Each structure stands twice: as structure tokens, then as C-alpha cells.
J.: 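My questions all concern the structure below.
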Amino acid sequence: MEQVDSVIIISDTEGDNEDETSVFIVENSPEALDTSKDKSTEVIDEECGLAITYSKKGNVMPHARYDCVEQDFTRTENEVSGPTGSNLNFCDQCYCYICDKLASECQYWNLPSFCHCNAHNKSKYWKAHRDVALTGALSIFNFDLVDIDSELRHGGALLQTFCLELALEYNNYMMGIITSRSSLIPCICSCHNQFKIFCEMCQMNHVEIRLYSYTPVFNVVNKFLHQTEKEKPKTAAIMMIGVAKEILLHKQPPQEVFNKNDQTSTPSQAVPIFMHRITSALQRMLVLNDFPPYLFNKLKTFYKSLVLPSYCFIFTNSLNVLSWEDPFLTSILRGQNITGQRQKKGRKETFWEDFPVVHARVERMEAREEYRELVRYLRVIKCNDTLKLRALRDKVPFYFCKYGDFNSAAQSFHLSSSLTCCIACRLTPYQYKVYLKILRTGTVPAGCELSDSGQWVPVEGGKLLKSCILLKCSLRILFVNAVLYRDVHCWSRLIQIHCNYFLMEADVLQVPPAGFVKNTAILAASVLEDLKSGIVGLPKPFSSVLHREASLILVTMAAAQMLHKNISMMKLVLPLIVTYGKNFWALKLLFDSLSTKEEILHNFCAILSNNIYIHRSMVIDVVKCHDANYVSDLVTLFLSFEQTTVQSLSIPVLNVLVEEWHEFKTKEHLWIQSLHSFLQTKSLRLVMHTFKLLYLLPDGRREKEECKECEK
């Protein structure tokens, strides 16, 4: 019978005692080899103290060279000059401790200066080499092996490939290109044309020089950075900070360069460009991504260890980004610190961050709908770019509205700092109109953009502004913003919200008593002056039963003041007229206010008449939206004035209706009969265009004949 091999037991733990072996050989006892005995019979080896109940032919499993039982191994700390003892020998299952390959496949097994055959797990030197081999380029970050996941490993592999390519291109850059000086500055000496040789005067222009261009290196780095933008966050972070380490080591030779005006031709010009790009991207990654604490801290620590050249000192503290769990930041977000300052080691510390970090935090809090925390953050943060920070702070009223604090939103329009004016001064007409709709209806755009289009949703728990607060806020914004003050669409929207256009209510207010209108109009002049000077109190009529009518009177008087000051610069006033709807008593108040100066009234009526013809579609749309009496009431209003300039406004209205008659074919003609009756009862001399309207009346043959006689 053939002899059965021994069983090899390989330990899977690393002990601290170097004298103890990790492999034990269990010899087969003669009793175990005796096949005549029953295999279930227990065989006891008294010398070893083992009880063998079953034995099987053993197989040698793969193992490190230092654990081999067939070949002796001599341990040394860091011997790399050559194989020690019989360490060069190996069996078929021996693996290299460094490469994790079979010993027969290791390229550095007995190569001087490497000698992987001497490697073992009891040496700090060889353990460090093994970590480098396993982690590749990640070894520079001192990661624990358990912390390296697939993303980090992939980033390390890409970085290692890039470093080899970059080193090759950088070596070419340092070698330079030998050429003649005349290739840079053409020689104009006449000796070339006469003797075709270099004279003593121009000989220096033809000496050989070495030129350097960093542009090829720049292109390699730029291409790799573009690649990082397509990778996952962890991978991209490792790649970018590895690039920073490599390019910061690049030196600039003192000789000539190809093109001094090219920013890519020298490291001193190109490296700061890359560093700005890298640090901005890393700052955003640290804020937007939930990196594990070990990775977050490793990246910051590694960046601090980089040696920056003089032309990159500006990036020294670029990666001093606070984590979201930092006590200073959390105290601000929770509202516990409203000043953005704290005492640290006896010194006052102000909350300050680079703009890319600020922008990233705003972006993240918007995505998570953390608007309350976002407002607290923007109010205290300091930044290196005040203009861009101001643009972010201009959305603070919108963030207030997003979580239902409309009162704070109204107040925030007029808050100013020592560096900038208030938010109201920078509002655009579009933003102003959107804010009026938000504050009037208590609804907000569904997204994070201040837009009038798209879906609007109600704010849960939001409490609408009182009408008097909304009135004061909207007027004060107009008074401090010259662009809004001269914009007729802003005034049109302001009139709309006080006619309840945005609510499910009637858009026609009750006609107040004439005395109430007169007294409130007189009182409005002083109220407007107070609002301009910052006094925000309103008198008693604005809190009475007719407070809505009083508010519309105040807005109308404010619009009249604006027209008195800016009528010479205005080209469009029609939206201001049609927005009153059927509140003709308020529209009459507007014309009465303008009639105090004949020149102002004349200019206003001329512009309005021109607008009716040019923007006739607006007139048609308004007529379609109202009932039968709208046109007759509007014409009645114009004809009721003593001034002929106002009376003449009825003519373009009727002309447009006649010329666009086909627009009303599908609608009822009740308002036509009403207007016809009005014209028949009034003995007014109208122009021929008025009779054209009568001519189009249905079943009106007698009226047609009368019109023909009148025309004659």
C-alpha cells in the first residue's frame, strides 16, 4: 500500500512570537495506516496526546513563501541585496508576499534591490511594501486597507496610470528643445544678403538656445481633469488631489520659453489655473457628498501636507471646509448662533467660507428643502466674493415664503447691511410681480426658482399677510427701486392684487361713497410721503370696513403721482387701464388725479389712444373676459368727462371693436344692444366709425337706413 501524505495545517493568524511556527505537521500513525482495522476505531498517540478518529490524504494549500514546509525560510528585516539562505527556493504553492502572485510569476523574486523572496509578515519594512503594492497610488493617503472600497481603488488605479504618463511628458518638458535664437527673433542684418555668412554684429542672434514649453504637460493634466468630472465622487476626489500633488512639484527652468504670453507655457502660469479648478471642485465635493469621516479628514490632512510654491500661496487654506457635523456650523443652522462669531482660545472667530463652499451649501439645503436653516446660514456667512454672495442673499425673502413666514419675507426686503443696500433696490420687474402673487395668495412655486410659470403649491402652516402690511411693503419697494417705479406692468400687478384678481373672489369692489373717496384721496398724499420716508403707519380708513377700497384708492393715487413724474418717458399705459376691470370708480379717480395738470392728461390720453391701436389684442382679450355692460360702461366713463381729450378715447375703442368684429361672432351680442341704446339716448356727435358699429347690428335694417342717411 502507498504511503499516505501528511496533513498540513496552516494558521490564519499572525502571532507576535517569531520563534513559533505557524505550520504543524501531523504524522500518520501506524495504526491509522492499517487498513485491516475499522476506521471508526479510535487510535491514541500517547506522545502527542492526540486522538485520531479519521484520517485523509492531505493537499498542500497555497501559502506565503515564509510559511512553506518544504523549503526552509530565513527571516531578515530589510535584506534586498540578494536572497538570504534558501529563501530563493519555493514549492508549487508558494506565493510572493508582496505581489500576491505565485513565486514562479514574481518578476522581482531575486532581483537585487527588490528581492521579494526575503519578504515576510514580521518585518515592518516588508509590510509597508506590501501595503504600497496593494493600494497603489492610494498609499500616499495612508488609508487603512479596510477603508479602501472599489471607488477609491479605481481612483488610485487611474491616478497611477496618469502619474506615469505625466512623468514622461514632464521629462520631455525639462529636456527642452534646442533651436536657434533667430527662430524667435528674425535677424535683419544685411550680411546675410551680401555674404551669406554671419558677421560679428549678428553672430549672437544665431547661437543655439534651449526652449521650454509646458503646454504639452498642461494638455495631459487638462485631459485627465476632464476625465475626473465623469467619475463618481470618491474616485474624482482621489484623482484630483493626486493631480494637485504632482503638478505642485513641477519646476520652471530659467531659460527661454516659446510664448511668454501663453498661460500654458510655464508652470508658474498654468499650475494656479489647475489649482483653482481642483480646489473649487474638491470644496463642492466635500459639501455635496456624504463622505465618510475618515475620507473627509484624510483629504483635508493630505492637502495640508502639500508644499505650495510661491505662486500658489493663495490656495493654502482652500480645503479648510467645515463638515456638516461641525459644532460651529450646526449652532448657526439651529439658530443658536445668530452673529456668526465665537470665541476660540481667547480670540474672536468669524464664520467665513470660500464662495464655492457657500454656493454648494446653498445648493444642498435647497435640494433638501431646509429653507429655515438656509436663511440662518446666509444671514451670517462671510465670503471672499461679496457680489456673488449678495446674489444668493437676494433670495432670502423667497426662502422665507417657502416655509410660510410671509411677515419676515416682507421685512427682509428692506433690511440692509453696511456693505450693500436693501434687497428691494435690486428686484427686477419680473421678480416683483412674482413676489406680489406669492404674498397675496400664500402659494409658492414648487421648485427652488422664483418663477411665475410651472406648478404653484400652497405653503403648509403659512399665515397670509394682512392687507395693510402687503400694501405698505409693495409700495415701499416701488419707492426705493427706480426701475420698478417707472414700470407700468409693476403698477398693473399691484392694482390687480388689490382688485382680488388672484383670489376666488369678485374682482369688482363696491363703489364707496363719494365723500369717502375724496377724503381718502386727500389723505393718501401724506400717507405716500410717510412711506417714502420710512414711516409705515396707516391711518384709520385703511382698517375700516372699506379698507379694500381705501387700499385701491391709495394705490391709484400713487400711480397718478408716478405718471405725473414720468409721463414724458412712458410709451405704454394701456395695461394700467385694463387692469382695473369693472372698478370704473377707481379708474375715474385716476383720470381726475391726472386732470390737475392739462398737459399731463393730454400726454396720457395720447399715449393711451396710440396703445389701443397698437395693442388691440389686449383690448379684445379684456372685452372677451367681461360681460355685456363692460364696453358701454367704459365708453360712458370716457364720455362723462368734460375734457375732450378724455372723451376722444371712446373713438379708438369703438374703432378696434369694429375692425376686429370677427372675433365676436361666437359670442352673444347683448352688449351690442346695450351700447346701441346708449348711443341712441345720448345726443352726442360721434365720428363715422361709430355709425359703422350700428351698421353691423343684427336685424337692424331700419338702423342701417338711418346710418346711411346720416352719412349723406
Side-chain angles (χ1 to χ4, degrees), residues 140-141 159 162 166 170 173 212 214-215 217-222 224-226 228-229 236-254 257 259-289 291 296-323 326 328-329 340-341 344 347-363 377 380-393 419:
I140 60 177
F141 301 101
L159 180 59
F162 163 75
L166 181 64
Y170 180 68
Y173 161 70
Y212 299 87
Y214 193 73
T215 302
V217 182
F218 180 93
N219 294 334
V220 171
V221 178
N222 190 50
F224 186 71
L225 290 179
H226 279 303
T228 63
E229 297 172 357
I238 291 297
M239 294 167 68
M240 284 192 171
I241 203 166
V243 171
K245 173 184 176 297
E246 295 296 325
I247 62 176
L248 288 174
L249 299 175
H250 289 180
K251 306 298 181 182
Q252 180 175 330
V257 297
N259 185 2
K260 294 182 179 180
N261 296 325
D262 186 4
Q263 292 185 341
T264 67
S265 60
T266 61
S268 61
Q269 293 176 296
V271 172
I273 297 175
F274 285 133
M275 288 299 297
H276 179 268
R277 180 177 175 183
I278 291 171
T279 54
S280 298
L282 287 173
Q283 288 170 341
R284 288 183 56 82
M285 289 180 191
L286 292 176
V287 173
L288 295 176
N289 300 283
F291 286 153
F296 189 93
N297 296 326
K298 285 284 186 183
L299 292 175
K300 293 177 59 176
T301 303
F302 180 79
Y303 185 84
K304 288 181 179 180
S305 67
L306 298 179
V307 179
L308 303 179
S310 58
Y311 46 79
C312 290
F313 282 167
I314 191 175
F315 304 105
T316 301
N317 298 315
S318 294
L319 239 58
N320 286 351
V321 180
L322 298 180
S323 68
D326 184 84
F328 194 16
L329 177 59
Q341 296 179 344
K344 187 175 181 180
R347 299 173 59 184
K348 182 183 292 186
E349 183 177 346
T350 303
F351 189 42
W352 191 98
E353 291 186 311
D354 285 336
F355 179 76
V357 178
V358 176
H359 189 267
R361 293 199 192 277
V362 172
E363 185 178 332
Y377 174 78
V380 302
I381 186 63
K382 299 294 186 296
C383 176
N384 56 335
D385 195 329
T386 56
L387 291 179
K388 292 182 179 179
L389 178 60
R390 188 181 70 179
L392 294 179
R393 284 177 172 171
L419 299 178

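Predicted model, so just to flag it, every value in this text is computed and none were measured.
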J.: For His250 and Tyr214, what are the C-alpha separation, side-chain angles and deciding distance, and is it a side chain to side chain donor-acceptor pair (under 3.5 Å)?
T.: CA-CA 10 Å; His250 289 180; Tyr214 193 73; 2.6 Å; yes
J.: For the atom pair CG (Leu225) and CD (Glu229), what is the distance rounded to the nearest 0.5 Å?
T.: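 It is 7.5 Å, given to the nearest 0.5 Å.
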J.: Kindly compute the distance separating CG (Leu322) from CH2 (Trp352), expressed to the nearest 0.5 Å.
T.: 11.5 Å
J.: Output yes when a side-chain donor or acceptor of Tyr170 lies under 3.5 Å from a complementary backbone atom of Lys251, and no otherwise.
T.: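 Yes: the side chain of Tyr170 pairs with the backbone of Lys251.
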J.: Test of understanding: with ring pair (Phe, Tyr, Trp, His ring centres under 6.0 Å), list the residues that count as partners of Phe328, not counting sequence neighbours.
T.: Phe351
J.: Before you tell me yes or no, could you show the steps for Val220 and Phe162 under side-chain contact (heavy atoms from CB on, under 4.5 Å), namely the whole-Å CA-CA distance, both residues' side-chain angles and the distance that decides it to 0.1 Å?
T.: CA-CA 9 Å; Val220 171; Phe162 163 75; 3.9 Å; yes
J.: Are Glu363 and Val287 packed together at the side-chain level, in the sense that at least one heavy-atom pair is separated by less than 4.5 angstrom?
T.: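 No, their side chains stay 4.5 Å or more apart.
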J.: Taking Asn289 for its side chain and Met285 for its backbone only, find out whether a donor-acceptor pair lies under 3.5 Å.
T.: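 Yes.
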J.: Do the two ring centres, one from Phe296 and one from Phe291, sit under 6.0 Å apart?
T.: no
J.: Check whether any side-chain heavy atom of Phe315 lies under 4.5 Å from a side-chain heavy atom of Tyr303, and answer yes or no.
T.: yes
J.: Could you report the tightest heavy-atom contact between Leu299 and Ala237, atom names first, then the distance?
T.: CD1-CB, 4.0 Å
J.: Apply the test side chain to side chain donor-acceptor pair (under 3.5 Å) to residues Glu353 and Tyr377: give CA-CA distance (whole Å), side-chain angles for both, the deciding distance (0.1 Å), then the verdict.
T.: CA-CA 11 Å; Glu353 291 186 311; Tyr377 174 78; 2.6 Å; yes
J.: May I have all residue pairs that pass salt bridge (Lys or Arg N to Asp or Glu O under 4.0 Å) and include part of residues 264-273, sequence neighbours excluded?
T.: none
J.: Considering all heavy atoms of both residues, which atom of Gln269 and which atom of Ser265 are nearest to each other, and what is their separation?
T.: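 So the two residues come closest at OE1-OG, 3.7 Å.
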J.: Measure the spacing between CG of Leu159 and OG1 of Thr228 and express it to the nearest 0.5 Å.
T.: 11.0 Å
J.: Taking Asn384's backbone N and O only, do any of them form a donor-acceptor pair with Asp354's side chain (distance below 3.5 Å, no angle check)?
T.: no
J.: For the side chain of Ser305 and the backbone of Phe302, is there at least one donor-acceptor N/O pair under 3.5 Å apart?
T.: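 Checked: pair present.
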J.: Considering non-hydrogen atoms only, spot the tightest contact between Val221 and Leu166 and give its length.
T.: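 Nearest heavy atoms, Val221 then Leu166: CG2-CD1, 3.8 Å.
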J.: So which atom in Ile314 and which in Ser318 form the shortest heavy-atom distance, rounded to 0.1 Å?
T.: O-OG, 4.2 Å
J.: Distance from Leu319 atom CG to Leu306 atom CG, nearest 0.5 Å?
T.: 9.5 Å
J.: Measure from the side-chain N and O atoms of Thr301 to the backbone N and O of Lys298, and report whether any donor-acceptor pair falls under 3.5 Å.
T.: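 Here the side-chain-to-backbone pair does not exist.
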J.: Apply side-chain contact (heavy atoms from CB on, under 4.5 Å) to Lys304 and Asn320, showing your working.
T.: CA-CA 9 Å; Lys304 288 181 179 180; Asn320 286 351; 3.4 Å; yes
J.: Roughly how far, to the nearest 0.5 Å, is NE2 of His359 from CG of Leu392?
T.: 6.0 Å
J.: Looking at CD1 of Ile247 and CE of Met275, how far apart are the two atoms once the value is rounded to the nearest 0.5 Å?
T.: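 With rounding to 0.5 Å, CD1 (Ile247) is 6.0 Å from CE (Met275).
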J.: Would Met240 and Phe274 satisfy side-chain contact (heavy atoms from CB on, under 4.5 Å), going step by step from the backbone distance to the final call?
T.: CA-CA 10 Å; Met240 284 192 171; Phe274 285 133; over 6 Å; no
J.: Can you see which heavy atom on Lys300 is nearest to which on Val321, and at what distance?
T.: NZ-O, 3.0 Å
J.: Apply side-chain contact (heavy atoms from CB on, under 4.5 Å) to Leu329 and Arg361, showing your working.
T.: CA-CA 11 Å; Leu329 177 59; Arg361 293 199 192 277; 3.4 Å; yes
J.: Looking only at non-hydrogen atoms, find the nearest pair between Val271 and Cys312 and report the distance.
T.: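 The pair with the smallest heavy-atom distance is CG1-SG, 3.7 Å.
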